[in-house]
Amino acid sequence: MALTVDTALAVGLALQLLQITLVVAIAPLIMGLTRKVRARLLRRRGPPLLQPYLDLWKLFHKEAVVADNASWVYRRAPYVIFAATWVAAGLVPTYATGLLFSWSADLIAVVALLGTARFALALAGMDVGTAFGGLGSSREMMIASLAEPAMLLIAFAVALIAGTTQLSAIAALFATGDVGVRVSLGLALLALIIVGIAENARIPVDNPATHLELTMVHEAMILEYSGRHLAMIEAAAQVKLVLYFSLVACLFAPFGMAAGDKSWAALALGLATWLAKLLVFAVLLPIAETTVAKMRVFRYPAFLGSAFAAAALAVFLRFVSRGF
Amino acid sequence: MPEVAIGLWCIAGFLGIGVAATILGGRAIATPLVYGATLLVALGAVLLALTTLLGGAAPSTVVLPIGLPGIGAHFRLDALSAFFMLVVNLGAAAASLYGIGYGRHEHSPMRVLPFFGPFLAGMNLVLLAADAFSFLLSWEFMSLASWTLVVAHHREPANIRAGFIYLAMASFGTLCLLLAFGLLAAPGGDFTFAGMRGATVGGSAAALATLLALVGAGSKAGLVPLHVWLPLAHPAAPSHVSALLSGVMTKVGVYGFIRIVFDVVGDFSSWAGLVVVLAGGATAVLGVLYAVMQRDLKRLLAYSTVENIGIVFIGLGLALAFRANGQGPAAALALTAALFHVFNHSVFKSLLFFGAGAVLTATGERDTEKLGGLIHRMPQTAVVFLIGCMSIAALPPLNGFVSEWLTFQAILLSPQLPQWGLKFAVPAVGAMLALAAALAGACFVKAFGVVFLSRPRSPAAAQATEVDGFALTAMLTLAWICILAGTLPGLVVDALAPVARQLAFVALPPQAGLPWLSLVPIADSRSSYNGLVIFFFLVASGTMTAAVVHRLASRSTRKSPIWDCGYPLDSPVTQYSSSSFAQPIRRVFGTVLFGVHETVDMPRPGETRAGRFRMRVRDPAWRFVYGPLARGVLRGAVRLNRLQFLTIRRYLALVFAALIVLMLVVAIWR
C-alpha cells in the first residue's frame with residue numbers, strides 16, 4: 001500500500017516537474033515564433049526561430065556590467081523576477097489538470113506572484129538612479145494599477161460561473177463542455193486579452209522591439225542591465241508570455257487537457273493540444289500587433305479601461321441571467 | 001485571579017510607569033528604564049492575550065467600585081478583547097524596544113516619557129471596558145494621552161495645528177459614540193454591555209446607533225472623509241509613537257466599531273453591511289491615492305494606514321452583510337479576513353514607521369525628495385524596510401497578501417447574498433480593492449525606490465549611518481512576524497477562530513491539520529493557497545537558477561559608471577524623484593478626484609530665465625467637506641456675535657421666549 005502511495009506521489013511529482021520544466025524550455029521558442037511571424041508580416045525575413053535561445057546563450061556567457069552604485073537589489077532582482085514568474089507559470093495548468101501542486105495557488109495568487117515579479121523589476125529600474133529607469137518603473141506601476149482591477153474582475157466573472165478560483169478546477173469544469181458558450185465568458189476573454197497585451201508589454205501598450213526611449217516602458221527599466229542579468233529578465237519575459245497563453249488556453253480553450261486519469265495517451269494528447277494552442281496564439285499575437293500602432297502613454301487608461309468595462313459587464317451579466 | 005484582573009494589573013503597571021517617569025525627570029537613565037519597563041509589561045500582556053485566545057478560556061469579568069456611584073466599572077476579557085490586546089501589546093512591545101534606542105535622540109524626553117505608559121494603558125483600558133461609561137472614559141483618556149504625544153514637539157506650528165485638528169476630530173468621534181450608547185441603553189438605564197446586548201432596541205434606533213458607531217469609531221480609525229487628522233497627527237509624533245498611533249491606535253478604533261456593532265447592537269439589517277462595504281472601498285482607494293502622491297515619508301505611511309483601514313472595513317462590512325442574511329461561514333470568512341488584516345497591518349505599519357524613524361535619525365529628513373541611496377549606508381534597515389514594503393503591497397509569500405486574498409475570497413461569495421444592492425456593489429468594491437492593492441504596490445515601490453535606492457539627493461542622505469541595535473532588533477522581529485504569518489497563515493486563522501465563533505457564531509474549518517499546511521477557507525474545491533509551498537518554490541527556483549547560471553555560464557562582473565543610454569548626468573536631480581514617479585498616476589486618477597492642475601512654464605530658446613513647474617492639488621475632503629463646514633461655522637458665529645451686544649431688555653425678552661418655547665416643546669412632546 002505504502003508503495004502505491006509513493007509511486008502515485010512520484011508520478012505526480014514527475015508530471016508537475018515536467019510542466020515546470022516545459023514552460024521554461026519552450027518559452028524562447030514561442031517568443032522566436034512571434035518575432036518570426038511579425039517579421040514575415042512586415043516583409044522581412046526575420047531571425048531564425050531558435051534565435052532567442054542563442055541570444056540567451058550569448059548573454060549568459062557574457063560579462064555582466066554593473067553600475068558602480070548598484071546595490072544588491074539590482075543584482076538579485078533578475079533572479080527574483082525570473083523565480084516569481086517561473087513559479088506562477090509552473091502553477092497554471094498547461095497540459096493536464098489536477099497536478100500535484102495545482103492547489104497551492106489559485107488565479108488570484110498567480111496574478112499576485114506576477115505582481116511580486118513586477119515589484120522587483122520596478123525596484124531594479126530605480127536602483128541605479130537614472131531618469132530612464134525611474135520613467136519605466138513609474139509607467140509600469142501605472143499600467144499595473146489599471147490592469148490589476150480588470151484582472152480581478154475577470155477572475156470574478158470566471159469564478160462566478162465555475163464556483164471556484166482554482167485554475168485546475170475551472171479548466172476541468174470548462175473542458176467538460178457543460179458550461180457552453182456564454183456572453184460573459186466572451187467578454188472576460190476580451191478583457192483578458194487586453195490585460196495580457198498590457199502585462200506582456202506588447203503593442204499597442206509597449207513595444208518589445210523599440211529603443212526609442214520616450215516610448216518604452218519595460219525596456220526603460222532594464223536599460224542598465226547586461227549579461228546574465230539581462231538574460232534572466234529576458235527569459236522571465238518569455239516565460240510570462242507562455243504563462244498568459246496558457247492562462248487563455250486553460251480558461252477559454254481547455255479542450256484536450258488530461259483530466260482525472262493520467263494515462264500516457266491522455267497526457268500525450270494534452271501535451272500536443274497545449275503546444276498547438278501555444279503555436280496558434282504565437283501566430284495570432286503578431287498579426288494583431290501589426291494591425292495597430294503604438295499608443296501614447298496617456299491613452300492607456302482608455303485602452304485598459306475598456307478591459308475593465310468588459311470584465312465588469314461580464315460580471316453584471318451573470319447577475320441578470322444565469323444563461324449569460 | 002481571573003485573566004481580566006491580570007490585564008488590569010498590566011494597565012496599572014503602564015500607569016505606574018507614567019508616574020515613575022515623571023518622578024525620574026529628565027535624567028539620562030529615564031529613557032531606557034521607562035521603555036524597558038513598558039516592554040516588560042507589554043510582553044506580559046501579550047502572553048496574557050495569547051493564553052486567553054489560544055486557551056479558549058471563558059470570558060472573565062471584574063467589577064471595580066470606581067466610576068459612577070452605585071454602578072461601578074465593568075471590565076471583561078473575551079476572545080475579541082484578547083485578540084485586540086494581542087495586537088495592541090505586540091505593537092507596544094516593539095515600540096518600547098525601538099524606543100530604548102530611538103529615545104536617546106529625543107531632545108525633550110520629558111514631553112514623551114511620562115505620557116507613553118498612560119497612552120498604552122488607555123488603549124488597553126478601551127479593550128477591557130465592558131460598560132458604556134468606562135468605555136467612553138477610557139476612549140477619551142486614550143485620545144488625550146495620544147494628543148500629548150502628538151504635540152510633543154510643540155515648537156513647530158504645524159504640530160500644534162495637527163494637535164488641534166486631532167482634538168476636534170477626537171471630540172467629535174466621542175460625541176458620536178456617546179449618542180450611539182444613548183440610543184442603545186437598556187431599559188432602566190443599564191449601560192453595561194451585557195445589559196445592552198440583552199435589550200432589543202427598535203430598528204431605526206439600532207440603525208442610527210450603527211451609523212453613529214461607524215462615524216465615531218471610524219473617525220478614530222481613519223475612514224474617509226474623517227481621516228483628515230491622521231496624516232497631520234501621526235507624522236508629528238516621535239517615530240515610535242507614530243507607529244503606535246498608526247499601527248495600533250487605529251485598530252482600537254476598529255475594535256470600537258466591532259464591539260458596538262457586532263456585539264452590542266447585534267441585530268441589524270443588511271443595508272448596514274452595504275454602507276460599511278462602500279465606505280471601506282472608498283477609503284481604500286482614496287487613501288492609497290493620497291499616499292502615492294505624498295513627498296513626506298511619514299505622511300505617506302499615514303495615508304497608507306487610511307487605505308488599510310478601508311480594506312479592514314470592506315471585510316467587516318461583508319461580515320455584517322453575510323451575518324444579516326444568516327450565512328455564517330461566509331461571515332466568518334469575511335470577519336477572519338478583516339481581523340487578519342488588522343493584525344498584519346499593525347505589524348508592517350509599525351515596522352515601516354520604525355524604518356521611517358531610522359531614516360529620520362540617520363539623515364534628519366522626512367522629505368523623500370532629499371533622500372536616496374540609503375541601502376548602501378543603512379543595509380540592515382533597508383532589508384527590513386523592504387520586507388515591510390512587500391508585505392503592505394500584498395505580495396506573496398508575505399502576510400499582507402494572505403489577508404487580501406481572504407478578503408477577495410469573501411467578496412467572491414457575494415453572489416450568495418439575496419439583496420441586489422449588495423450583489424452589484426460588492427464586485428465593484430472588489431475591483432476597488434484590487435485597484436487599491438495595485439496602487440499600494442506603486443506607492444511602496446516609490447517609497448523604497450526613492451528613499452533607499454537611487455543616488456543620494458542631499459549631503460545628509462549621503463552621510464547617513466546605520467541605526468542602533470535596539471531599533472534594528474525591533475524591526476527585525478516585526479519583519480520575521482511578517483514572513484511567518486505569510487508562510488503559515490493557517491495558524492493565524494486558527495488563532496482567530498474563537499473571535500469568529502463569538503461574533504459570526506461559526507468559525508472557519510480548522511487549518512492546522514490540513515496537508516502541507518495549506519489555507520483552505522471554505523472547501524478544497526473552492527480555493528486554497530499555500531504560502532509555505534510558494535515561499536519554498538520561490539527560494540528554491542531563485543537560488544537554483546542563480547547557482548546554475550554562476551556555475552555553468554559566466555559569473556564575471558565588471559563595475560562601470562552608469563550608462564543611462566550614453567548620457568549619464570552627474571547631478572542627482574536628474575533622477576526620477578518622488579513627485580515624478582507619481583506623475584502618471586496623478587495624471588490618470590488625480591485630475592478628477594484631486595483637481596490636479598500642472599502648469600509648465602518653459603523659457604523659449606535664448607531666454608535665460610529659469611523654467612518653472614507649478615502643481616496644484618486640491619484635497620477633496622477639505623474642499624468639499626471641511627472647507628464648507630468651517631466657513632459655515634464661521635458665518636454662523638459672526639451672525640450670533642450680534643447677540644453679544646444686546647440691551648438688558650432684549651436679553652430678558654430672549655430668556656422669556658426661550659422659556660416659552662421649551663415649555664411648548666415639553667407640552668407637545670408628551
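Each chain gets a letter, A, B and so on, in the order the sequences are listed, and its residues count up from 1. All heavy atoms count here, side chains included; hydrogens, waters and symmetry mates do not. All figures in this text were calculated on a predicted structure; none of them were measured in a lab.
- Looking at A:Val128, both its backbone and its side chain come within 4.5 Å of chain B, counting heavy atoms on both sides.
- Looking at A:Phe156, the atoms closer than 4.5 Å to chain B (heavy atoms on both sides) sit in the backbone and in the side chain alike.
- Of all residues in residues 56-66 of chain A, those placing a non-hydrogen atom less than 4.5 angstrom from a non-hydrogen atom of chain B are A:Phe60, A:His61, A:Lys62, A:Glu63, A:Ala64, A:Val65, A:Val66.
- The contact between B:Ala393 and chain A is made entirely by side chain atoms (from C-beta outward), counting heavy-atom distances below 4.5 Å.
- Neither the backbone nor the side chain of A:Ile81 comes within contact range of chain B, judged by heavy atoms closer than 4.5 Å.
- In this structure, chain B has no heavy atom under 4.5 Å from any part of A:Ala150.
- Contacts from residues 306-313 of chain A to chain B, taken as heavy-atom pairs separated by less than 4.5 Å, involve A:Phe308 in sequence order.
- The side-chain heavy atoms of A:Leu135 and B:Gln583, taken from C-beta on, include no pair separated by under 4.5 Å.
- A donor-acceptor pair under 3.5 Å links the side-chain atoms of A:Ser138 to the main chain of B:Phe581, judged by distance alone.
- By the 4.5 Å heavy-atom criterion applied to side chains, B:Val549 and A:Tyr79 are counted as neighbours.
- Neither the backbone nor the side chain of A:Leu107 comes within contact range of chain B; no heavy atom of the residue lies under 4.5 Å from a heavy atom of that chain.
- Put simply, the side chain of A:Glu224 never gets that close to the backbone of B:Ile562: no donor and acceptor are under 3.5 Å apart.
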